[in-house]
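Inspection log for the structure reproduced underneath, given as structure tokens.
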Amino acid sequence: MASPLSVAALAAGLAVSAPSPDDTHTLVLRVARDCSAAAQQVVDETGGQLLSVQPVGDTCIITVLVQGNGQRPRKVTVKVPM
């Protein structure tokens, strides 16, 4: 089973559109926003387990589960600008 982080990295692939029939010299590239580096940073800083990553506009919304000292784990959501 792939980790959520690797799935997020795969989802941030490259999409290429075909050239326009009117202008054979035009190639349009669309690149999906990638939050994988921000997600890894949040996981490293919190020591938590990655639950979800969502690119929203110019922000990555990252949710991790952080284990407490003998307490129930808590869910932490962090917004990181891209």
Side-chain angles (χ1 to χ4, degrees):
M1 183 168 119
S3 74
L5 184 57
S6 63
V7 171
L10 289 174
L14 185 64
V16 179
S17 297
S20 166
D22 299 334
D23 183 3
T24 58
H25 300 289
T26 302
L27 180 65
V28 178
L29 294 176
R30 282 178 277 174
V31 179
R33 296 285 175 134
D34 186 4
C35 292
S36 60
Q40 185 62 53
Q41 179 181 354
V42 171
V43 168
D44 290 345
E45 288 176 1
T46 62
Q49 178 182 3
L50 183 64
L51 293 178
S52 68
V53 178
Q54 291 181 309
V56 177
D58 288 339
T59 303
C60 297
I61 300 175
I62 302 155
T63 304
V64 294
L65 192 60
V66 179
Q67 188 69 35
N69 293 333
Q71 299 175 354
R72 227 172 98 157
R74 59 189 169 92
K75 190 175 3 174
V76 176
T77 300
V78 179
K79 293 180 182 178
V80 179
M82 279 195 228

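Being a predicted model, the structure only gives us computed values, none of them experimental.
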**OP:** Is it possible for you to say whether V56 and M82 belong to one hydrophobic cluster, with membership spreading through side-chain heavy-atom contacts below 4.5 Å?
**Re:** no

Original post:
With sequence neighbours left out, which residue pairs that include part of residues 72-82 fulfil the side chain to side chain donor-acceptor pair (under 3.5 Å) condition?
Top reply: T63-T77

Subject >> Shared hydrophobic cluster for I61 and L51 (ILVMFWY, side-chain gaps under 4.5 Å) >> reply: no

**OP:** For V80 and V42, work out which heavy atoms get closest and say how close.
**Re:** CG2-CG2, 4.0 Å

Original post:
Who are the side chain to side chain donor-acceptor pair (under 3.5 Å) partners of E45, not counting sequence neighbours?
Top reply: Q41

Subject >> Nearest atoms (heavy-atom pairs only) where C35 meets V53 >> reply: CB-CG1, 3.3 Å

